[in-house]
Amino acid sequence: MILLEDVSVSFRKGRARRDVLVNLCGSFERNGGIVGILGQREAGKTTLINLLAGNLTPQAGKLTCHGSVSWVLSSHRPLLPTMTVRANIRFIAMLYSASVHGLMRDVADLADLHDVMDLRLNTLSRDIQSRLVYCLGLCLRFDYYLADEAIVIGDNAFREKMTGYLAATASERTVILVSRSPAAIKKHCERAYVLHDGQLLSFDRTTQAIRAFKALDDAK
Amino acid sequence: MNELVFGAWRQLDVLKAVMYREALVRFGRRSLGLLEEIGSIAVHIVVFSLMRLYAGVEVQHGLPVLPFVCVGIYNFWLFRTGISQIPTALSAGSYRAFSQVTPLDVALARGAVNMLLYIGLAVVTFWLLQLFGYSGPVGNWTEVILILVANGIFGIGCGLVLAGPFHYLPFLRTVVMIGAMRILSLIDGTFFLYPDLPPNLRPYAIWIPNLHLNDMAREAYFPSYQENWTSLTYVTGWIGGSLLLGLMVERALRNAIEAKKVPA
């Protein structure tokens, strides 16, 4: 379980201080399927994702995490463009104490990368890089996955394949999707929060969260 | 106890993984990879050897010029590379996706890659010098290697300490790498021995820890050379002190780097 208790994060820009998350509380269960977090522009969605990924530490409050958390699925940051596909997979397998050969085989199968394993990443298309980083995350079997705006990436065929894969294996993991698009949340999520004024508002149903989000958006 | 062992094991895995990536990045950055590294060391060895020959010193205290300069260059190289590469490791952004990799892990992995590379090259060079008759047998291999390791660790310590000033005053990096390192290469005994110095300079020279390490290395390498002025306590104090201070600087700097990192 991931538990956020009165978590606060602020940033300084010059002399001005901006409170992004203020005494935020919330929790995410293991094997909870796809959970959405709706938030307007600059509501602190990326900050929250960075916090959950362990890239930021809260300035106040407590973040407890039992279980492994992935990197942001759509991010290419885990990859190094000057290394080959094989070397990137080997590095990540070593980093997460996974079987190098097992991960190599699983990723090549899932992302269909058998032909490009020994090519440098910077010689490959963006789509192939996206497939690699995405499938690497899935094959490592984290307890929690983080998605910023998009739950699937890459070309249409790959998106379709992954949407099916995620739907079929949804109960094996928790995917936390942050977005400002109610349509995306409605399409993928079973449960949703709304991030507003640095607070996480909880709703039992996605439709309730979307209604509240739209009301807040209109009021703004 | 189990958690401690598990944590230590995971930490070791992280270090091994970062070392693997650092090694690939290091050779990938240069067009000729390892050959370019060897080439730049070879150029320095040749230049310093010629300087010594030009000064009319071919053999002194029973030390032939080529192995003499090689010992000095490898010791200096290990220290210099630490100073140049460790500070940038602390602000490296390429590991931000991985929360388990701390800036200190990157710094230590980079330092370990440097040490393995240069100590490996040094051993091969010393062995080749013996094979082709440019050098007599190495007096004490263990001591020579330990002194190279000490230089590497000293470089890591000083690199960590300098990461602080380099972070707040970036121009200082250029000053240290171009100015201070050049001066150090001339005064740390890379191409001379302590007894070669004029007597009025010696009281100042004994404060330079690198000069102690160089003379210790030459005593270990050349059985015919005996020195009686170096202090192991003094050198250990410098290495330990720089590491301790460096770790404090890294911890203080970690928050400052993180605060700059992510916009809302």
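A note on names: the letters A, B, ... follow the listed sequences, proteins ahead of strands, and every chain is numbered from 1. All of these numbers come straight from a predicted model, not from anything done at the bench.
- In this structure, B/Ser99 contributes its side chain and A/Ala53 its backbone to a donor-acceptor pair below 3.5 Å.
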Exercise. Could you walk me through whether A/Leu95 and B/Gln100 pass the side-chain contact (heavy atoms from CB on, under 4.5 Å) test, one step at a time?
Key: CA-CA 9 Å; A/Leu95 194 61; B/Gln100 69 269 53; 3.7 Å; yes
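- No more than 12 heavy atoms of other residues, nucleotides or ligands sit less than 6.0 Å from atom CZ of A/Arg141.
- Within the 4.5 angstrom heavy-atom criterion, no atom of A/Leu48 approaches chain B.
- Ranked by heavy-atom pairs shorter than 4.5 Å toward chain A, the options B/Tyr95, B/Tyr20, B/Trp9 are led by B/Tyr20.
- Listed for the B/Arg21 side chain is no donor-acceptor partner under 3.5 Å among the backbone atoms of A/Leu80.
- Within the 4.5 angstrom heavy-atom criterion, atoms from both the backbone and the side chain of A/Ala87 approach chain B.
- Interatomic distance, B/Met19 CE to A/Phe91 CZ, rounded to the nearest 0.5 Å: 13.0 Å.
- Taking every heavy atom of both residues into account, B/Lys16 and A/Met94 meet most closely at O-CE, 3.7 Å.
- Environment of CZ in B/Arg10: crowded, with over 12 heavy atoms of neighbouring residues, nucleotides or ligands closer than 6.0 Å.
- Interface residue A/Ser97: backbone and side-chain heavy atoms are both found under 4.5 Å from chain B.
- When all heavy atoms of B/Phe98 and A/Tyr96 are compared, the closest pair comes out as CD2-OH, 3.5 Å.
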